[in-house]
Amino acid sequence: MSRRILVTAALPYANGPIHIGHLVEYIQTDIWVRFQKLRGHRCLYICADDTHGTAIMIRARQEGRSEEELIADMREQHVRDFAAFDIEFDNYGSTHCDENRELCEQIWKSVTDAGLVIEKPVEQLYDPEAETFLADRFVKGTCPVCKTPDQNGDHCEKCLSNYTPKELIDPKSRLSGATPILHEAPHRFIQLEQLHEFLDEWTQSGEHLQPEIANYLKGHFLGDELRDWDVTRPPAYFGFEIPDFPGNYWYVWFDAPIGYIGSTHQWCKEHGESLDVWWRSPDCEVHHFIGKDITYFHTLFWPGILKTAGLNLPEKVHIHGFLTVDGEKMSKSKGTFIQASTYADHLNPSYLRYFFASKLSSKVDDLDLNLDEFKAKVDSDLVGKVVNIASRCAKFVADQPLSNEYPDDGGLFQQAADAADRIAELYENCDYSAAIREIMLLADRANQYIEAKEPWTLRKDESRQDELRDVCTVGLNLFRQIVVYLGPVLPRLVNQTDELLSEPIRQWDDARSPLLGTTVNQFQHMLKRVDPQQVEKMIDDSKETLPGGEAPQPSTLNQYNDGPESLAAEPMSGEECTFDDFMKVDMRVARVVEANHVEGADKLLQLTLSLGGDETRNVFAGIKSVYDPEQLVGRLVICCANLAPRKMRFGLSEGMVLASGPGGKDIFLLNPDDGAKPGMRVH
RNA sequence: GGGGCCGUAGCUCAAUCGGUUAGAGCAGCGGACUCAUAAUCCGUUGGUUGCCAGUUCGAGUCUGGCCGGCCCUACCA
């Protein structure tokens, strides 16, 4: 029975390039879609760029062009990157399109009519110069708890405390540097709580979500009242204006998932189909593939909206974990923050498709790209086992036809044909790694068969040429079965096999009947081993392209705009320091009780530090270029109190004041947060 | 602080409802072969299932505690 299936992958944000972390999802989804199509189902792979929000607006301003120009540019890059990895969308749209706007309006009307929308005033910091409200991460200031300057609007890196931007001391806009003003504006909220009962049932039914996700929702959200969702933004904002709320815009997270439908609508218009067939039909299964970071939106908010608007609920939300590289978070400094285009410059995308497939399961676990394992797996499985089968058979029958009758192979072909359902079920359940294991088992058996039949011996005997042809007929048919099963993962290998055997693979069931009498063409190399030098180059290139380049992600990594210059100027020592080593250095809070110029010294100031009580240290510090003695008296500093005393030209120095910076005008004394007392040890 | 997930061979992972002697692949080691991209084939080493207790005729699996890792959340579950 043929199914109608609509598949989506999460919409990448139009604020940065695609990297290999993104690719886990798009490849996982692409494999699933190709699998469904190969099985003969009607299946659409829908995606789009997510284009709205403050970040896009700000970036467009910084680059001096319109948002439309920016997102058109990004979309082009994204499309190119996806194509390089054989990720084949049926439609790749944009949330900034007429179709999406219409759908937003319709759906908004539905949730409004259902009585879910409520208006409440929201106080937020407003940048009077940039004329926009500021999201928390666009405000900086001094932490209200520990008084550390230059902290984010909602969270202090130093003392890890959370607060609201309103509490921030001396707040500044990151956009214009202006002091933000507290403004109140009306926002509209969706009262998700009204759908609580439905969401309980839908998430806990066991049919739509992985069990760990259902548990997570139950524990984190559903046990309590669901919070109202703020889904509108006052100007200025790049998005769609709301018809019944003039001057205000839908929050990007409202129109982003609707983009799935908007993009489908575009496809429908092009193909003369009705949108209802895909989104308002019990006969259509909707499947979303997403990363675990956006679980909430897709498992609570989004089903709630769909339900209210009378649209198809997802049959399944497939959630995957994050990608790590060599066991760690992707890192720019280590060169493991690898962009799709950088990868494609050096390595064959099929490798990555295969590697991801061999690691992916239906669980939410993170997936590790260990580069040694990557090479070992591709070399051993794909080149050594799979392609090798064709490589060791094809040349014996090049430019000749295969046998007209399928020879006795001891049941091998039938055995592999019987695996079709089992492998299909594994693909269907997203247990790709298990499917790959099954398929590799078939490859092992095929190699064993060839080993036993020794076609290279047969070739030498004129009287056994029919036998040789039979052996190759078996070998190449076993190879072709494997290629059918790997087809969703490796479309290029399918094409190469089509050419070799002059007969295209069209469907999953091609694995059930052998190919006979077809002419075998000259064998061409299908896949090379992974070149370790290229892997290295890719890592090197990833180190170079990022600093100063375009912001890859609106993540914490770059929202502070901290460049690598300081670290580069003074690289890490690379030497490890044990805890005991560290404890040998006795650092103390100290108060500067006296500070004087030193006659004849160009850079030095003489400081008298008090460690409390009678304990003092005489210290010469090279900070004259920046600090006046007057401003130092009374302040707290950190000093090393057990540094061996050193006789200097101007006297004995009994310690060292801690400061950072390259020198000259750039010297920054360390100071403890309020509350610290002279004499306290620094741990 | 609270919660979730996880811990099985050197590495990556299996093991149905609690059921026989915990299995594969890769790596390693020994051999064979020489068609094939230094590929392949045969054989083989390798385990206190993180630790401790408990339930049970029987525990990798269930319960409690501890250790370690990842993640989510935060004067909330």
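Below, chain A is the first sequence line, B the second, and so on; all start at residue 1.
For the pair A:Lys120 and A:Phe189, the cation-pi test (distance below 6.0 Å, angle within 45°) is passed. A cation-pi arrangement is found for A:Arg233 relative to A:Tyr251, the charged atom lying closer than 6.0 Å to the ring centre and inside a 45° cone about the ring normal.
Between B:rC42 and B:rC33, the two C1' atoms lie 10 Å apart (nearest whole Å). Distance check on atom C1': B:rA27 versus B:rA9 gives 11 Å, rounded to whole Å. Taking atom C1' on both B:rU20 and B:rG10, the two are 29 Å apart, rounded to the nearest angstrom. Across B:rC6 and B:rC13, the matching C1' atoms stand 14 Å from one another, rounded to whole Å. For the C1' atoms, the distance from B:rU8 to B:rG23 is 10 Å, rounded to whole Å. The gap from the C1' atom of B:rU48 to that of B:rC41 amounts to 35 Å, rounded to the nearest Å. Separating the C1' atom of B:rU49 from that of B:rG7 is a span of 9 Å, rounded to the nearest Å. One P atom belongs to B:rG50, the other to B:rA59, and the distance between them is 15 Å to the nearest Å.
Straight-line distance from the NZ atom of A:Lys292 to the P atom of B:rC6: 12 Å, rounded to whole Å. The distance from atom CG of A:Asn370 to atom P of B:rC26 is 17 Å, rounded to the nearest whole Å. Look at CD on A:Glu454: it is 15 Å from P on B:rA32, rounded to the nearest Å. Distance, A:Phe523 CZ to B:rC35 P: 16 Å, rounded to whole Å. One can place CD of A:Glu225 at 13 Å from C1' of B:rC76, the figure rounded to the nearest angstrom. The CD1-C1' distance, from A:Ile319 to B:rG4, rounds to 14 Å in whole Å. The nearest whole Å value for the distance from the CG atom in A:Leu222 to the P atom in B:rC76 is 20 Å. One atom, CH2 of A:Trp456, and another, P of B:rA39, lie 16 Å apart when rounded to the nearest Å.
Residues A:Arg459 and A:Phe221 both approach RNA chain B. Their nearest nucleotides, taken by heavy-atom distance, put A:Arg459 toward the 5′ side. Projected onto RNA chain B by closest heavy-atom contact, A:Ile450 and A:Ala443 fall at different nucleotides, the more 5' of which corresponds to A:Ile450.
Base contact: A:Asn388 has a heavy atom under 4.0 Å from a base atom. A:Asp444 comes within 4.0 angstrom of sugar-phosphate atoms only, judged by non-hydrogen atoms across all strands, and of no base. No contact: A:Phe322 has no heavy atom under 4.0 Å from any strand. At the heavy-atom level, A:Val364 lies nowhere under 4.0 Å from the strands shown. Using a 4.0 Å heavy-atom distance criterion, A:Met526 is classed as a base contact. Across all strands, A:Ile389 comes closer than 4.0 Å to no nucleic acid atom at all (heavy-atom distances).
Among A:Arg492, A:Arg34, A:Arg353, the single residue meeting the salt bridge (charged side-chain N to carboxylate O under 4.0 Å, His left out) criterion with A:Asp86 is A:Arg492.
Listed candidates were B:rU40, B:rU12, B:rA36. Nearest to the side chain of A:Asn447 is B:rU40. Residue A:Ser380 has its side chain nearest to B:rC26 when only B:rC26, B:rA14, B:rC35 are considered. Distance from the side chain of A:Ala376 is smallest for B:rC26 among the nucleotides B:rC26, B:rC41, B:rA36. Closest to the side chain of A:Val387, out of B:rU40, B:rU37, B:rC13, is B:rU37. The listed nucleotides are B:rC70, B:rU37, B:rA36; the one nearest the side chain of A:Asp366 is B:rC70. Considering only side-chain atoms of A:Arg529, the nucleotide from B:rU12, B:rG25, B:rA39 that sits closest is B:rA39.
Between A:Tyr485 and A:Trp508, the ring-plane angle classifies as tilted under the 30° and 60° cut-offs. Aromatic ring orientation, A:Trp32 versus A:His287: tilted (interplanar angle from 30° to 60°).
Under the Watson-Crick and G-U wobble criteria, each requiring two contacts below 3.5 Å, nucleotide B:rG7 is paired to B:rC67. When Watson-Crick and G-U wobble pairs are counted only if both distances are under 3.5 Å, B:rG28 pairs with B:rU44. With a cut-off of 3.5 Å on both pairing distances, B:rG60 has no Watson-Crick or G-U wobble partner at all.
Between A:Lys377 and A:Asp381 no salt bridge is recorded (no basic side-chain N to carboxylate O distance below 4.0 Å). Salt bridge annotation for A:Lys292-A:Asp366: present, with a cationic side-chain nitrogen under 4.0 angstrom from a carboxylate oxygen.
Contact between the side-chain N/O atoms of A:Lys363 and the OP1/OP2 oxygens of B:rA14 is found at a separation under 4.0 Å. For the pair A:Lys385 and B:rC26, the criterion of a side-chain N or O lying under 4.0 Å from OP1 or OP2 is met. Remark: A:Gln448 is in phosphate contact with B:rC42, judged by side-chain N or O atoms under 4.0 Å from OP1 or OP2.
Annotation: A:Tyr343 is in aromatic contact with A:Phe85 [ring centroid separation under 6.0 Å].
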